[in-house]
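Heads up: the structure comes next, in structure tokens.
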Amino acid sequence: MKITIIYDNCLSKPGLRTGWGFSSLVETDYAPPLLFDTGADGAALLYNMKELGIDPGQIGTIVISHAHGDHTGGLASVLKVNKDAEVYIPASFWGTLPGRKVTVVSKPLQISEAIFSTGELQGIEQSLVVKTGEGIVVVTGCSHPGVGAILKAASQHGKVYGIVGGLHGFQDFDQLDGLSLICPCHCTQHKSEMKSLFPAQYITCGAGLKLNF
Ligand SMILES: [Zn+2]
Ligand SMILES: [Zn+2]
């Protein structure tokens with residue numbers, strides 16, 4: 001199982017573009033690659049994919065965490081070059097995607113063999129729950145529903161091993177106790193506090209980062 005950060009506010013691999021927003025690719029042995037969020041800018045998203053050797057045409061599933069432009073901005077560009085991917089949007093997402101197989105997510109659901117959605121939490125956002133050999137890895141967009149609520153929803157599937165993604169203004173840090181991997185990305189405001197509290201678990205996020213499980 002592999003997670004690649006394609007689009008982020010920060011840089012992990014020189015030569016990629018950065019921008020306010022988030023996008024990541026989740027690859028498992030069981031299903032075609034899954035794109036989780038699409039950043040703010042389609043040109044930058046496709047540029048980074050090309051640099052990372054990711055063929056947008058191979059993406060089988062696109063999941064949008066929530067309807068903010070820094071997560072949906074690149075969607076139209078990806079859909080232009082990928083005619084087949086099915087799309088999972090939270091119920092609060094606006095607009096339609098004609099000609100696509102679209103699943104509107106409210107309740108928790110299974111997306112593929114090893115990947116689940118928490119369902120739309122607090123009427124705003126869904127997160128990914130990925131089953132890995134190490135345990136559950138949660139991938140978040142901005143964590144607007146709150147990290148505690150997201151981890152609670154994810155733990156229905158087993159012990160949570162790690163969290164990757166935007167954590168926004170989260171600072172109730174003891175919610176992270178017991179996690180083995182903490183990789184705050186994108187809009188996370190309190191990265192330095194988390195790094196000093198969990199130095200062994202902390203991974204610095206940026207566009208180009210690859211995590212293997
Ligand atoms: Zn965001
Ligand atoms: Zn947001």
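One-based numbering, in listed order, for ligands and for the atoms of each. We're numbering straight along the sequence, starting at 1.
Using a 4.5 Å heavy-atom cutoff, the side chains of C183 and L209 are in contact.
At least one N/O/S atom of H144, whether from backbone or side chain, sits less than 2.8 Å from the Zn ion (ligand 2). At a cut-off of 2.8 Å, H168 is not counted among the residues with an N, O or S atom near the Zn ion (ligand 2).
D37 and H186 form no side-chain donor-acceptor contact under 3.5 Å, judged by distance and modelled atom types alone.
Of the two cysteines examined, C205 and C10, the SG atoms fail the criterion of being under 2.5 Å apart.
The angle that C142 SG and H71 NE2 make at the Zn ion (ligand 1), rounded to 10°, works out to 90°.
Screening I136, L151, V139 for a side chain to side chain contact (heavy atoms under 4.5 Å, CB included) with I163, the sole residue that qualifies is L151.
Within H186, the N, O or S atom at minimum distance from the Zn ion (ligand 1) carries the name NE2. Its N, O or S atom nearest to the Zn ion (ligand 2) is what matters here, and for H68 that atom is ND1. The Zn ion (ligand 1) lies closest to atom OD2 when only the N/O/S atoms of D70 are considered.
The aromatic rings of F22 and H71 sit tilted, their planes meeting at an angle between 30° and 60°.
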